[in-house]
Amino acid sequence: MKNKEDTKAKDIAVLMMAGKGERLLSSLQVKKQFFKLDGKELFLYPLETLALSECFKSILLVVSPEDKEKVSEIVRKNKQISRRKISIVDGGNTRNESVYNALKSLKKQKGNFYVLIHDAARPFLTVEQVKDIMSKTYRADALTYCLPLADSLFRDDRRGIVYLDRKDLYQVQTPQVFDYRKLLAIYEQGYDPNGTDDFSKAVHSGLKCLPLPGDLCLFKVTGKEDLALLRKLSVFVE
Ligand code: CTP
Ligand code: MG
């Protein structure tokens, strides 16, 4: 997909949308990123937000090869984003592989920059949140939104139920933002394949990390219980 650079910005946004959406497939009949909420595919919600923020030189969509054509077509038809610099890269079998593919595809970019990584399955990202996290990149190598736990928390395993102290515990969300070269180096040196996000990799590698207060609305559409929430919250989004 063509077009000139959006702004003077040098940072790049990556939208993760190459998952199989297995946990919701039987309820939705389509991968959740393509589920139409009020007539619009779910991935378009955060994509429009990223485009509208004007924080990025370009936006990279990480897509399964089988969905590439469909995604290009949807993007082309969308007036909000069709004039932006948007490209597509193949996803992998796991989220880690998908992120690594995205990072490798950005190697030719000149100089260093920050890369924002966001799950397409978190539709209710706001322009304010994007601007806020991007305005704080000078403070750290890695930044993430996260949510303090509101509910009590216990672990239930063979030893029985053990309550944990929820103070100081956070749920990790996206977007997450990284110094591009430093995150790429972590992936190139070999990462823990069990890590479910990239901020954890930055923490384990000793990068300077900054957690920021997130929002309940940044929840990830994951299981059936999220669908009611999704529909309710969509009322508040234009
Ligand atoms: N993702 C990706 N590539 C993968 C796996 C996940 O780009 N190989 C993306 C998903 O599209 C999603 C985000 O990472 O936006 C978070 O993943 P998750 O919620 O687990 O989505 P899925 O893997 O699609 O769902 P499921 O685990 O139920 O199959
Ligand atoms: Mg998954």
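Computed over heavy atoms, backbone and side chain alike; hydrogens, waters and symmetry mates excluded. Numbering of ligands and ligand atoms starts at 1, following listing order. From a predicted model like this one, the values you see are computed outputs, not experimental measurements.
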**Prompt:** Which residue holds the protein heavy atom closest to atom 26 (P) of ligand 1, what is that atom called, and what is the gap in Å?
**Reply:** Glu22 N, 3.5 Å
**Prompt:** What is the ring orientation for Tyr45 with Phe124, classed by angle as parallel under 30°, tilted 30 to 60°, or perpendicular over 60°?
**Reply:** perpendicular
**Item:** Mutual orientation of the aromatic rings belonging to Phe34 and Phe43 [parallel < 30°, tilted 30-60°, perpendicular > 60°]
**Value:** perpendicular
**Request:** Report yes if Val221 has an N/O atom closer than 3.5 Å to an N/O atom of ligand 1; otherwise report no.
**Result:** no
**Message:** Tell me the contacting part of Lys220 for ligand 1: side chain, backbone, both, or neither, using a 4.0 Å heavy-atom threshold, strictly below.
**Reply:** side chain
**Message:** Looking at Ser205 and Ala202, would you say the former's side chain and the latter's main chain have a donor-acceptor pair under 3.5 Å?
**Reply:** no
**Item:** Worked verdict on Lys201 versus Asn96 for side-chain hydrogen bond (donor to acceptor under 3.5 Å, both in side chains)
**Value:** CA-CA 11 Å; Lys201 295 177 180 62; Asn96 282 326; 2.6 Å; yes
**Message:** Which residue and atom name correspond to the protein heavy atom nearest atom 20 (O) of ligand 1, and how close is it?
**Reply:** Arg23 NH2, 3.0 Å
**Message:** Less than 4.0 Å is my threshold; does some heavy atom of Lys32 fall inside it relative to ligand 1?
**Reply:** yes
**Message:** I want to confirm something. Looking only at heavy atoms, which of Asp90, Asn93, Thr94, Asp119 is nearest to atom 13 (C) of ligand 1?
**Reply:** Asp119
**Request:** Evaluate whether atom CD of Glu69 has more than 12 neighbouring non-hydrogen atoms of other residues, nucleotides or ligands under 6.0 angstrom away.
**Result:** no
**Message:** So that I can tick it off, tell me whether Glu188 and Lys107 are bridged by a salt bridge, with the cut-off set at under 4.0 angstrom between side-chain N and carboxylate O.
**Reply:** yes
**atom 10 (C) of ligand 1 - nearest protein heavy atom and its distance** = Gly19 N, 3.6 Å
**Request:** Check each atom of ligand 1 against the heavy atoms of Ser98 and keep those under 4.0 Å away; list them by number with element.
**Result:** 2 (C), 3 (N), 4 (C), 7 (O), 8 (N)
**Prompt:** Among Lys31, Met16, His118, which residue places a heavy atom closest to atom 15 (O) of ligand 1?
**Reply:** Met16
**Asked** Less than 4.5 Å apart, any side-chain heavy atom of Thr174 and any of Phe199?
**Response** no
**Request:** Kindly confirm or rule out an N or O of Leu24 lying under 3.5 angstrom from an N or O of ligand 1.
**Result:** no
**Request:** Tell me, with the steps shown, if Arg231 and Asp38 meet salt bridge (Lys or Arg N to Asp or Glu O under 4.0 Å).
**Result:** CA-CA 9 Å; Arg231 291 198 173 94; Asp38 293 335; over 6 Å; no
**Prompt:** How far is atom 7 (O) of ligand 1 from its nearest protein heavy atom, and which residue and atom is that?
**Reply:** Ala18 N, 2.9 Å
**Prompt:** Does Gly91 come within less than 4.0 angstrom of ligand 1, counting non-hydrogen atoms of the residue?
**Reply:** no
**Message:** Less than 4.0 angstrom from a charged side-chain N to a carboxylate O is my criterion; do Asp157 and Arg155 meet it?
**Reply:** yes
**Item:** Gly21-ligand 1 polar pair, N/O distance under 3.5 Å
**Value:** yes
**Message:** Need the ligand 1 atom indices (1-based, order shown) with element for anything under 4.0 Å from a heavy-atom of Ala121.
**Reply:** 15 (O)
